[in-house]
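Hydrogens, waters and symmetry mates are skipped; everything else that's a heavy atom, side chains included, is used.
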Amino acid sequence: MQTARGGLVVVTVLIAGLLAAGYTAYAGAGVYQSLESGRQELVAAQASMKAAAHSADAGPLSAAAAQLKQAELHFHDADRRSRDDPALRLLGGVPAAGQQIDAGAHLAAIGADMSRAGQAATAVAIQVAALKQKYAGRPLTVDDLQAALEEAQTVARTYSASTLAIGEQLRAAHAEREQVTTTALVPPLRDAYDQVDRALAEADNAFLRYQDVRQVLSDFLGVRLPA
């Protein structure tokens, strides 16, 4: 009887161990799926923004705004799972595994920051697109250019909070990135951070241009505005 009980305990422990391993794999897969879904939404938003660059229609910009919101939700879910899931928290106690999980959480947070920055930029871009629809497609006089510039400055003042939000989100993304050392990460995560580094550099450059009202309007109208 004692032997049978001992065998039952061993079997129970083995089953519990297998269930735990399976749940951890499931939780990890859930984090990955949320990260991948967020990435796909960012790619779709980027395509929508490119389409908007060749059209006076604000439709692609509205689509991009919706895609960026979905990306934020996916990244937030990945971040929540990485930090709060009991199986992953337990696994996080193992140094090698913990570093990978922590890097995934930071990656999700960066994705959410970038998505929010994109939403703020898109809100302003939709307003500027209205200017393109108003002035594009016909020769512009000096008076037209001056009027367009004044309207763009009004838009910039109205959405100054969006500009501040973009800067805050980019700073938050950089802060998350600085907490991750990639040398010991598994190749997929290391590759993901290589992409993050490029995306952050591009976002920083775009933000500098974004703050220049004349340049933003010049890009949308396709003409060089007077200084």
Side-chain angles (χ1 to χ4, degrees), residues 24-25 27-53 60-61 63-85 88-89 91-92 94-125 162-211:
T24 300
V31 171
Y32 171 78
Q33 184 57 55
S34 292
L35 285 171
E36 177 60 17
S37 296
R39 187 193 68 80
Q40 290 176 2
E41 291 290 353
L42 285 183
V43 170
Q46 186 178 36
S48 295
M49 292 293 285
K50 287 183 178 179
L61 290 173
Q67 289 154 347
L68 287 164
K69 182 60 180 177
Q70 285 301 310
E72 179 191 355
L73 294 175
H74 287 305
F75 286 126
H76 177 72
D77 181 67
D79 188 19
R80 178 187 59 78
R81 286 173 179 266
S82 295
R83 299 181 192 277
D84 298 338
D85 187 278
L88 292 180
R89 289 178 64 183
L91 188 61
V94 180
Q99 187 174 6
Q100 311 302 318
I101 294 171
D102 189 56
H106 286 299
L107 184 63
I110 291 169
D113 291 332
M114 297 290 281
S115 300
R116 285 189 289 268
Q119 290 173 63
T122 304
V124 178
S162 293
T163 303
L164 293 174
I166 294 169
E168 289 174 359
Q169 296 302 328
L170 288 180
R171 286 191 293 273
H174 279 288
E176 292 283 351
R177 176 63 184 90
E178 289 171 1
Q179 296 183 58
V180 178
T181 301
T182 62
T183 51
L185 296 182
V186 294
L189 267 178
R190 201 162 55 240
D191 292 344
Y193 271 97
D194 287 341
Q195 295 179 39
V196 162
D197 290 339
R198 290 192 294 271
L200 284 174
E202 291 175 5
D204 290 340
N205 290 331
F207 184 51
L208 290 175
R209 294 193 302 273
Y210 176 82
Q211 295 177 83

Sequence neighbours excluded, the answer for salt bridge (Lys or Arg N to Asp or Glu O under 4.0 Å) partners of Glu168 is none

CD of Gln40 to CD of Gln70, rounded to nearest 0.5 Å, is 12.5 Å

Please, which pairs that meet salt bridge (Lys or Arg N to Asp or Glu O under 4.0 Å) have at least one residue in residues 177-186, sequence neighbours excluded? Arg177-Asp197

Does anything in residues 42-51 form a side chain to side chain donor-acceptor pair (under 3.5 Å)? List the pairs, not counting sequence neighbours. Ser48-Gln67

What pairs with Arg80 under side chain to side chain donor-acceptor pair (under 3.5 Å), at least two apart in sequence or on another chain? Asp77

Partner set under side chain to side chain contact (heavy atoms under 4.5 Å, CB included) for Ala108, not counting sequence neighbours: Leu35, Ala78, Asp79

What pairs of donor and acceptor atoms, side-chain ones from residues 185-195 against any protein atom, are under 3.5 angstrom apart with sequence neighbours left out?
{"unit_1": "Arg190", "atom_1": "NH1", "unit_2": "Leu185", "atom_2": "O", "d": "2.5"}
{"unit_1": "Tyr193", "atom_1": "OH", "unit_2": "Ala103", "atom_2": "O", "d": "2.6"}
{"unit_1": "Tyr193", "atom_1": "OH", "unit_2": "Leu107", "atom_2": "N", "d": "3.1"}

Which donor-acceptor pairs under 3.5 Å do side chains of residues 116-124 form with protein atoms, sequence neighbours excluded?
{"unit_1": "Arg116", "atom_1": "NE", "unit_2": "Gln169", "atom_2": "OE1", "d": "3.2"}
{"unit_1": "Arg116", "atom_1": "NH1", "unit_2": "Glu72", "atom_2": "OE2", "d": "3.2"}
{"unit_1": "Arg116", "atom_1": "NH2", "unit_2": "Asp113", "atom_2": "OD1", "d": "2.8"}
{"unit_1": "Gln119", "atom_1": "NE2", "unit_2": "Glu72", "atom_2": "OE1", "d": "2.8"}
{"unit_1": "Gln119", "atom_1": "NE2", "unit_2": "Ser115", "atom_2": "O", "d": "3.4"}
{"unit_1": "Thr122", "atom_1": "OG1", "unit_2": "Gly118", "atom_2": "O", "d": "2.7"}

Test side chain to side chain donor-acceptor pair (under 3.5 Å) applied to His106 - qualifying residues, sequence neighbours left out: Asp102, Glu176

Which atom names give the shortest non-hydrogen contact between Met114 and Ala173, and what distance separates them? SD-CB, 4.3 Å

Give every residue pair that meets the salt bridge (Lys or Arg N to Asp or Glu O under 4.0 Å) criterion with at least one member in residues 33-47, sequence neighbours excluded. Glu36-Arg39

If you round to the nearest 0.5 Å, how far is CZ of Phe75 from CG of Leu68? 10.0 Å

